[in-house]
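Everything on this sheet refers to the single structure shown next.
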Protein chains: 2
Amino acid sequence: MTGLAGKVAAARTRAKEAESDADDSEVRLGELDGFIGFNLRLAQDASFRAFTRRVGETSLKPGRFAALMVIHNNPGITPGALGRAIARDKSTITPLVQALLRDGLVERRQSRTDRRSFTLRLTKAGEALRRELLAPAQAHDRKLDEIVGERKEEFLELLRRIVELLE
Amino acid sequence: MTGLAGKVAAARTRAKEAESDADDSEVRLGELDGFIGFNLRLAQDASFRAFTRRVGETSLKPGRFAALMVIHNNPGITPGALGRAIARDKSTITPLVQALLRDGLVERRQSRTDRRSFTLRLTKAGEALRRELLAPAQAHDRKLDEIVGERKEEFLELLRRIVELLE
DNA sequence: TATTGTTATACTCTATAACTATA
DNA sequence: TATAGTTATAGAGTATAACAATA
């Protein structure tokens with residue numbers, strides 16, 4: 001997994017005709033190269049790896065960090081609402097929440113308004129870890145900001161439009 | 001999983017102060033909302049789901065479709081070069097290639113130049129499936145093109161810069 | 001009847017390490 | 001020594017379906 005992103009870029013820029021068997025330095029992506037979806041996946045993959053590298057392999061993955069952030073900002077949120085906020089199905093939010101409970105980062109209480117449900121809050125340890133990870137997470141995103149430059153707001157707007165309109 | 005993207009958008013736009021327990025319609029994303037990385041993930045997730053919906057749940061996922069496209073455009077490519085082209089580790093490209101072999105979409109031959117390696121080609125069935133999926137895949141990306149509008153080239157350039165510079 | 005969360009199941013993806021056969 | 005690909009393993013994410021308790 002060393003330098004995947006760089007090699008992808010190299011493969012793209014060095015793409016050219018290949019008459020016999022293709023080797024490493026002359027991979028043609030074809031239609032894929034102009035597909036927004038494909039490039040979105042490469043960029044998301046690169047961002048995910050860079051986040052993990054910066055925050056530390058041993059610590060939280062982006063998905064769990066996002067959950068911590070949302071619970072912090074919405075004390076008392078239910079698992080369902082949390083899942084909708086970070087685009088996770090209820091079948092994936094249950095194990096995620098259980099992992100956070102297991103690690104002592106989150107606590108749950110019976111919901112007063114809906115006895116089928118319950119509410120989530122960060123524990124002291126959860127707050128501490130969130131605070132600890134916020135700095136490297138922000139550093140990671142500042143790096144993305146640098147790359148995108150002054151077009152950041154337009155870029156974010158397009159990403160949000162994709163989410164809203166691709167329903 | 002019905003309407004996840006729409007609910008995320010609604011959660012964002014309706015975000016406001018919440019004094020007591022947060023409910024569904026007033027989730028605050030906090031710093032996350034301005035993070036490029038987080039929005040990249042939501043957009044990629046929405047695109048992935050839309051692709052799968054359009055191409056057909058029963059058929060190929062975006063990752064395998066991308067592999068088919070790259071092998072088509074680079075007959076004789078090795079698994080390693082394929083993995084680098086679509087940003088997949090060698091530990092994930094092996095099972096992917098084996099699934100394609102198992103499904104009769106790809107064939108492999110001994111490499112003439114490197115006896116540790118081998119070369120990949122689409123079978124007739126692989127070519128047929130690729131041809132069949134190309135239309136819905138292009139329709140999917142045209143939908144993305146519509147959403148992004150005339151800023152497509154700039155958008156693609158930013159996605160590629162992220163891949164290149166986030167190493 | 002519909003919804004909240006749980007459980008079970010299956011497949012995919014990610015990541016590491018150990019292995020083989022070559023180079 | 002390093003590289004190509006395989007195998008094994010473990011942890012996540014994705015998806016569906018069936019279920020209990022409650023709305």
Side-chain angles (χ1 to χ4, degrees), chain A residues 1-4 7 21 23-24 41-42 44-46 48-53 56-67 77-84 86-103 108-120, chain B residues 1-4 7 23-24 41-42 44-53 56-67 77-84 86-103 108-120:
Chain A
M1 198 245 354
T2 53
L4 259 186
K7 283 169 188 163
D21 287 353
D23 82 2
D24 213 319
R41 152 149 155 67
L42 295 187
Q44 140 72 14
D45 180 69
F48 189 101
R49 288 180 202 275
F51 180 97
T52 303
R53 214 181 312 134
E57 280 78 6
T58 58
S59 199
L60 295 186
K61 291 282 180 7
R64 294 202 182 166
F65 174 70
I77 194 172
T78 62
L82 172 62
R84 284 185 287 276
I86 60 176
R88 301 287 283 271
D89 197 71
K90 70 172 178 174
S91 74
T92 74
I93 205 68
T94 293
L96 191 162
V97 167
Q98 286 176 338
L100 296 177
L101 288 167
R102 166 176 48 74
D103 295 345
R108 52 187 239 172
R109 305 179 192 162
Q110 269 283 132
S111 168
R112 289 160 305 172
T113 51
D114 185 341
R115 286 163 57 205
R116 292 172 303 182
S117 189
F118 51 86
T119 63
L120 302 170
Chain B
M1 200 244 358
T2 53
L4 259 188
K7 282 169 189 166
D23 84 0
D24 214 318
R41 150 147 156 70
L42 295 186
Q44 141 71 13
D45 180 70
S47 170
F48 190 103
R49 288 179 201 277
F51 180 96
T52 303
R53 214 182 310 134
E57 280 77 7
T58 58
S59 200
L60 295 188
K61 291 282 181 1
R64 292 200 184 169
F65 174 71
I77 194 171
T78 61
L82 172 62
R84 286 184 286 275
I86 61 177
R88 301 287 283 272
D89 197 69
K90 70 173 179 174
S91 73
T92 73
I93 205 69
T94 292
L96 192 162
V97 167
Q98 285 175 339
L100 296 176
L101 289 166
R102 166 177 47 75
D103 296 345
R108 53 187 239 172
R109 305 180 193 161
Q110 269 282 133
S111 168
R112 289 160 303 169
T113 51
D114 185 339
R115 286 163 59 208
R116 293 170 302 181
S117 186
F118 52 86
T119 63
L120 303 170

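What you are looking at is a predicted structure, and each value in this text was computed from that prediction instead of being measured. By convention in this document, chain letters (A, B, ...) are assigned in the order of the sequence lines, proteins followed by strands, and residues within each chain are numbered from 1. We use all heavy atoms of the structure for the numbers below, so side chains are in, but hydrogens, waters and symmetry mates are not.
In the set dT22(C), dA23(D), dT6(C), dT6(C) carries the atom at the smallest distance from any side-chain atom of Lys90(A). Closest contact between the side chain of Ser91(B) and the listed nucleotides dT16(D), dA2(C), dT16(C) involves dT16(C). In the set dA23(C), dG5(D), dG5(C), dG5(C) carries the atom at the smallest distance from any side-chain atom of Phe118(A). Nearest to the side-chain atoms of Thr94(A) among the listed nucleotides dT22(C), dT14(C), dG5(C) stands dG5(C). Closest to the side chain of Thr92(A), from the set dT4(C), dT7(D), dA15(D), is dA15(D). Of the candidates dT22(D), dA4(D), dT14(C), dT22(D) carries the atom nearest the Arg115(A) side chain, counting heavy atoms from C-beta on. Taking every side-chain heavy atom of Asp89(A) into account, dT16(D) is the closest of dT6(C), dA23(C), dT16(D). Closest approach to the Pro79(B) side chain among dG5(D), dT6(D), dA2(D) is made by dG5(D) (side chain taken as heavy atoms from C-beta onward). When distances run from any side-chain atom of Asp114(A) to the nucleotides dT6(D), dT22(D), dT16(D), the shortest one goes to dT22(D). Of all nucleotides listed (dT6(D), dT22(C), dA15(C)), dA15(C) comes nearest to the side chain of Arg49(A).
Listed pair Arg84(B) / dT3(D) fails the phosphate criterion, with no side-chain N or O lying under 4.0 Å from OP1 or OP2. Dashed line: the shortest gap from a side-chain N or O of Arg88(A) to OP1 or OP2 of dG5(C) is not under 4.0 Å. Residue Gln98(A) places no side-chain N or O under 4.0 Å from the OP1 or OP2 atom of dG5(C).
For Leu42(A) and dC13(C), the CG to C1' distance is 15 Å, given to the nearest whole Å. Protein atom CG of Leu101(A) is 13 Å distant from nucleotide atom P of dG5(C), rounded to whole Å. Rounded to a whole Å, the CG atom of Leu82(A) is 14 Å from the P atom of dT4(C). Nucleotide dC11(C) holds its C1' atom 10 Å from the CZ atom of Arg102(B), rounded to whole Å. Per the geometry, CZ belonging to Arg116(B) stands 13 Å off P belonging to dA2(D), to the nearest Å.
No donor-acceptor pair under 3.5 Å is formed between the side chain of Ser117(B) and the backbone N or O of Asp114(B). In this structure, Arg41(B) contributes its side chain and Ile86(A) its backbone to a donor-acceptor pair below 3.5 Å. Counting only distance, with no hydrogens or angles, the side chain of Thr52(A) and the backbone of Phe48(A) share a donor-acceptor pair below 3.5 Å.
Each of Phe48(A) and Ser117(A) was matched to the nucleotide of DNA chain C holding its nearest heavy atom; the match closer to the 5' end belongs to Ser117(A). Map Val97(B) and Ala99(A) each onto its nearest nucleotide of DNA chain D; the residue landing nearer the 5' end is Val97(B). Looking at which nucleotide of DNA chain D each of Thr113(A) and Leu96(A) is closest to, the 5′-most match is held by Leu96(A).
Nearest heavy atoms, Pro79(A) versus Ile93(A): O-CG1, 3.7 Å.
By the 4.5 Å heavy-atom criterion applied to side chains, Thr78(A) and Leu120(A) are not counted as neighbours.
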